[in-house]
Every structure is written in C-alpha cells, then in structure tokens.
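In what follows, a single structure is set out as structure tokens and then discussed.
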Amino acid sequence: MTAGAGIMVMAMRLTSFASSRPLEHSELVDAPIRYPRPQRLSERLHVGGPKATEAASNLGLHTVGDLLEHLPHDRREARAVAQLTPGESATVVVEVRAIASRPVRRRGMRPLVEATVADGSGSVRATFFNQPWLVQKYAPGARIVLHGKLEGRNRFRVQAHAPTSEAAASVDGVAHYPATEGISSTQIHALVREHAGALTDIVDPLPGLLLAAEALPGRAAALAAVHFPELPSDQAGGRSRLAFDELLLVQLALLRRRAKRQESAAAPVLASPRELTARWLGCLLPFALTGDQERALRAIDGDLERPRPMQRLLMGEVGSGKTVVALYALLRAIEHGHQGALMAPTETLAEQHFATIESLLGGEAVPIGLLTGSTPARRRSDLLRKLETGELALLVGTHALIEESVRFARLAVAIVDEQHRFGVRQRAALDAKGGDGVAPHMLHMTATPIPRTLALARHGDLDFTVLRELPTGRQPITTFVCSTESERDRAYERIREELRAGRQAFVVCPLVEESELLQAHAATSEYERLAAGELADFRVTLLHGQLRPREKQTAMTAFASGGCDVLVATSVIEVGIDVPNATVMLVEDADRYGISQLHQLRGRIGRGEHASLCLLFGPKGSPRLRALADHSDGFELAEIDLELRREGELIGTRQHGLQQFSVAELPRDASLLERARSLAERIASDDASLVAPEHALLADALGASQGLQAEAPIPA
Ligand code: ADP
Ligand code: MG
C-alpha cells in the first residue's frame, strides 16, 4: 500500500539543524530564537571534480553539515535474502551468480544491469540502473553488499552497493557509507575524516542538564562515535543517542499536534450521562458489559465532559465489542441534543453497522440513517435535509459521509471504524464536520492490536483504550495448520459435519497482492470447484471485491440470514462481518496473509454459542501459521509479528503507515522510545511552546524536522 492510501511513511531526518537550508515556516514554534548557523557546517561541500560533487548532491550531501549527518550503514541490519519482504528496504551480503546488462531498446531508457545474487538462504534478481560497467566489476563469484528494496517477489532494486572487501572493513572499524555511482563509500569516509574538525560545531538540541540526567552522550560525540568507532560498542552507543533525538522529535511533534488540535476548536460539552444511555444500558442492551467495555465507557465519559475534543483510539481485539462502546458514545451525543456519525471503510461494513445498531437499540426510537455510495438520490437528499435540520440524530455510512454536501446541524461525536483504512485527509474531513470553531469528539477504532511501542510511535497524539477481554460465553477457536492432501480431505469432512449440524462456513481464497481482479478470478474458480465437488450438497455463495455493491449485499444478507451455508470469499470479509452461526473458516494459501490479517479473518468465527474451527492451509514450518495455531490473543500475536519481522518489514508498515525512522529501529529501540516519550511529555507539560531559553535549540530542531514533514504529515 502506498502513501496514496492515506497512510504515510514519514522519513524523519535530523540533518537539518546542521545544514544551511533556511528553516521553513514551522507551525510548532511561534517565535523561534535563531542562533547563527555555525560557519563550518554550512560550507558547501567540495568533492574532487564536478561529477563527484554532483554524485554527492544526489546523496543529499550539499554542505559539510549534510556530510557529517550522513551515517554509515548499520551493519547489524544485514539480512538473509529469504527473509526479505516485498517493499522492504534492507541490506544483504551476497555472492554474484550471474550478471548481464540488458540492452537499451529505446532512447531515453536507462541502462540496466541484472544479476542473480544469492546468500545461504536464497537468491534474488538484483537490478542496478545506469551503471553498465558493473558487469565487469561484479563478475560471478564476487561477494558484495547491497542495499535496496525488494519489489514484487524476487526483484531487488539496488540503491547502494559495494564489494565486501570494502564493506567488510566496517568490521575493523571502517564505516561503510551509503554511496552511489561517482562517489564511493571510501571517498565519503575520506571526506568525513577531512571534515571531522567541524563535528565540534554540531549543535546539541538537548540542554546539558538533561543530557546529564538521561546519561546521554553529546550529539557531536555520538556522531563521532558512529563515524570513527574504536569499538563496535561505540557505534551502538552513538546510534542510540541519534535514535533518541529522532524519537524525541517525533513524540514532541505528536504531543504538539495534539495540543494544537485541542486549542484550535472547542468541543460540545456533554456533561453527565442522561436518561437515554441509562435506559439503554439498564434495560435495552441484551447483555452485561465486559469490564473492559465498562472502563472504555468511563474513559469516554471523562473525555466528553470537557470542552476539548476527545481524541481517543479504541483498540479492541476482534469480537471484543467495540460497536457497543461506539454506540454508547453516539448516544451520549444524542441525549444531549447533538448528532453522531459513524464512518466505516466499506459499504458492507457500514450496512452491517447500521443493522447492528438498529438491533442494539432494542426499539429505542433514535432517528438513524445510512448513507453510502449506493444510496439512491431521492433517499440521499432526504437524509441530507434531515441531517441539516437536526431531525436525523445519527448517520452511519462510508466515505460518502465526508462529502461536501453532507452538513450536520450539531455534530458532537464522530467515530471512525477501522481507522487505519482511512487516509489522514478523510479523517480530517470528518473532524471538520463540526462546523466553524466546533470540533466533534473523535473516537478512532481499530481491531488490529499493536504493541504499545508501535502505538506510541504511530498514535502518540491520541489517548488509548484497549478492549482485551472478550464477552463471556465466547467459544474457543481451535486452529490447525493443514499441509497434506489427507489433511485437506479431512478438512472438508469436518466442514461438512459442521454444515450438517446447521452451522455455516467461510472459505477464504488466497491473497493475490498484484490485483483484486486476479483474486476475484481465483475466488470464482474455487467457488465453482467447491459448489460442484466437495460441497455440492450445500448452498455455496461467492463474495469478492469485484462484485457490484448490490451483489455483495445479496451475498452477505444470504449468509447472515442463514440462507446459504458456505461463503467462498476473498479477504473482503476481513473486517467486521458478524455471523454468530459461522463456526468454520478455511483459509487457502494462508501463508500469503500476514499475522494480523489472519487474526482478523479468524475473528469472523467463534462469535456464537458453538466451538469453532479454523483451518489454515499452508506449510507446517511457517512460523506465522504456527503463531496463529498457538495463540488466540491479538496483542500477543502482534508482539510475535513484530519479533518475527522487524519494523521495516512489518506488513503493517504498508497497512498502518508505520514511521520509518532513519536511525531508530523498532522494536529494538523500544526502551529508547519509552524514554523519549516520557521526556517529551515532561517537556510538553513544562514548556509546551518550547519558549524557555534552554529549549531554543530543541525548538529549532523540531522546526527543521517539521519542515521536512510538512510534505507528509503524521497520520492522525
Ligand atoms: P468488534 O470489536 O469486533 O467490532 P462487535 O462490536 O462486532 O466486535 O461485537 C461482536 C459481537 O459481540 C456482537 O455480536 C455483539 O453484539 C456482541 N457483544 C458485544 N459486547 C458484548 C457483551 N458485553 N456481552 C455479550 N456479547 C457482546
Ligand atoms: Mg467491528
């Protein structure tokens, strides 16, 4: 998934406060104190001839300051080829097996060299652009270090490379730098040496007292240790300090953004709960709340009674009952004469929320509407009119909710379900529906639990509430990994048993990353195969993303009402489908899915009174499938996921916009992040605008890093 999906990857660099680039307008600092830039750092970098100078500037090295902030590769990051995940940037140490240049067919096409490279774990096709001479330089048998990105399944796009003879030197204390054609790592290292004196001009953004209290080295010393380590531990220590700065600035920015949001507009004060919610909780709701749900309600009450907009993230295990919590918040708005809105990422989910809310209301007369892309024009204009007059108290829908023509009379509470599926702009657009100077209380919900460290790094501007506890009476789900043909036969037998007992089943088709259309084809043929074969005696229905909204709805309704036995589907069923009678899920090629996705999928079963069964087809050796078979707690799975893949490789990176730090790395730097967070909180509470003299340099650093972020704002 790209930034276009509204999820962004923030590349934060700290280089700017050592560079000569003028500080961009910073929303963070009202009147920053400007210190004169140290002369030596802002000097233009001179490198040999014009070609090398151009190469250096391609690397972003314009000034001496840029050079000193250009860090050598962290050799700890070298990875096994077989472990690479598509989209991930990584360093590998490999041997060249074959290498050839691809002929340039058209003018303007860049010359391309392709090599088959391998390490002990596997091989990939590495591609190098614009460097035809590499065919001679890296003959088969050469050992090289490559830094780049895996694209598709097997194509490694090289961004930097060096023979191991050069790179291996880093083991002896010589750093290996990201380099490019025209300037080598060795040349960069020599330049850094030449300009090492300027390190003393590096400004430390942290006040000395604080450094002492946190037992951190100075920033200049940290950079020196990374460039010229005497021991490998010097490098690590230096990097920690640089990582700390990086994490601290992100946390300060998040806290600052949170404060700004709270200052910019007032939210309607919804003081204590009134009759409606009391009646609903007391008599209408057909079950008792779980302890976690109770706690979530209290936290929300605490938020709603203040004039500052609620900014809360509700992270709830699949099936933990987030909808009830959401509905409570919405009713709290309605009982005070305001309106509520709930936005979901798909029509299917919006429709389901609408139906669930109607039934959860238990006959309570709350005027509620459903607005999606397929709402007929007449109905739509009727809804919009009633929304504007205030007659309609509650609107449930998709992205259709944030269109310009949708105007609320008095929106007070807005809920975003599956918040990570929306972009920053979309969430902001809903936030803006409160009208001039009014900010609705916002509750973001996600069923994708993430470890606390990631939550902090990503959502540090929100308050968190976690629903861990599942409603009582939930039946356990037994999960098996199935690999052999006889296991497959047995699996269908088990499905038939469940179906004969009156239960229902999901069959989930393989994920096809490249195209939804291909995935739809795969689902269609699996549907045909099963309907004519193993499950011929049962009513089988097909659901995939390429169907028309009407067809999807028909399929879902049939399944939800028990009008069909088996739903053969793509991962469109991943979110929010609630069919308590479904007790089996079979997932084909399960190893193509990530841990959290499988956990989400599995959450579609085990919702009723019967024990459930999840059958994951895939290799027995897959650690991810193993994890699913052994654990049912989403938070534990999230931790395992994080350990199995390190930060950059998390499928979640693409799904959730995990920040990519340039020095810091999670989860390795989790404890640094905690320290940075608590320091940021302290600074934010003592001196929110960073006007104290001792924070002036920190304000500068923050301003500079915000300038860089302006192109890609932090996700809300
Ligand atoms: P999710 O957190 O995955 O969105 P839902 O809100 O869809 O979960 O709830 C899952 C199911 O559990 C629904 O059928 C809901 O009515 C039911 N449920 C929610 N809270 C409770 C509870 N406290 N006790 C029993 N059932 C509950
Ligand atoms: Mg839900």
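All residue numbers refer to positions in the sequence shown, counting from 1. Note that ligands are numbered from 1 as they come in the structure, with each ligand's atoms numbered from 1 the same way. In what follows, every heavy atom counts, from backbone to side chain, and hydrogens, waters and symmetry copies are set aside.
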Distance only, no hydrogens: is a donor on one side chain within 3.5 Å (strictly under) of an acceptor on the other, for T479 and R602?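 Yes, side-chain donor-acceptor contact under 3.5 Å.
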Testing the 3.5 Å rule here: is there a donor-acceptor pair between the side chains of R380 and S405?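 Distance-only check passes for R380 and S405.
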Under 4.0 Å from any heavy atom of T323, which atoms of ligand 1 are there?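 Under 4.0 Å from T323, ligand 1 has these atoms: 4 (O), 5 (P), 6 (O), 7 (O).
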Numbered atoms of ligand 1 (with element) below 4.0 Å of L289, judged on heavy atoms: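 That gives atoms 23 (N) of ligand 1.
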Is there a side chain to side chain contact (heavy atoms under 4.5 Å, CB included) between R427 and H444? Walk through the geometry before answering. CA-CA 9 Å; R427 283 173 281 172; H444 306 269; 4.1 Å; yes
My understanding is that we take every heavy atom of each candidate and find the minimum distance to atom 2 (O) of ligand 1. Doing that for R604, M315, K322, E469, which one comes out nearest? K322
Residue-level breakdown please: for T290 versus ligand 1, do any non-hydrogen atoms fall below 4.0 Å on the side chain, on the backbone, on both, or on neither?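 The answer is both, backbone and side chain.
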Is ligand 1 under 4.0 Å from a heavy atom in the side chain of R607, in the backbone, in both, or in neither?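 Within the 4.0 Å criterion, R607 contacts ligand 1 through side-chain atoms alone.
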Of all residues at least two apart in sequence or in a different chain, which pass the side chain to side chain contact (heavy atoms under 4.5 Å, CB included) check with C509?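 C509: side chain to side chain contact (heavy atoms under 4.5 Å, CB included) contacts with A523, E526, V568.
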Taking N or O atoms only and a 3.5 Å limit, does A288 qualify as a polar contact for ligand 1? yes
Test of proximity, G321 against ligand 1: N or O pairs below 3.5 Å: yes
Is R261 salt-bridged to D461, cutoff N-O under 4.0 Å? no
Check whether any heavy atom of S320 sits under 4.0 Å from an atom of ligand 1. yes
Return the set of residues passing salt bridge (Lys or Arg N to Asp or Glu O under 4.0 Å) with R332 (not counting sequence neighbours), or none when no residue passes.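 Only D301, E335 meet the salt bridge (Lys or Arg N to Asp or Glu O under 4.0 Å) criterion with R332.
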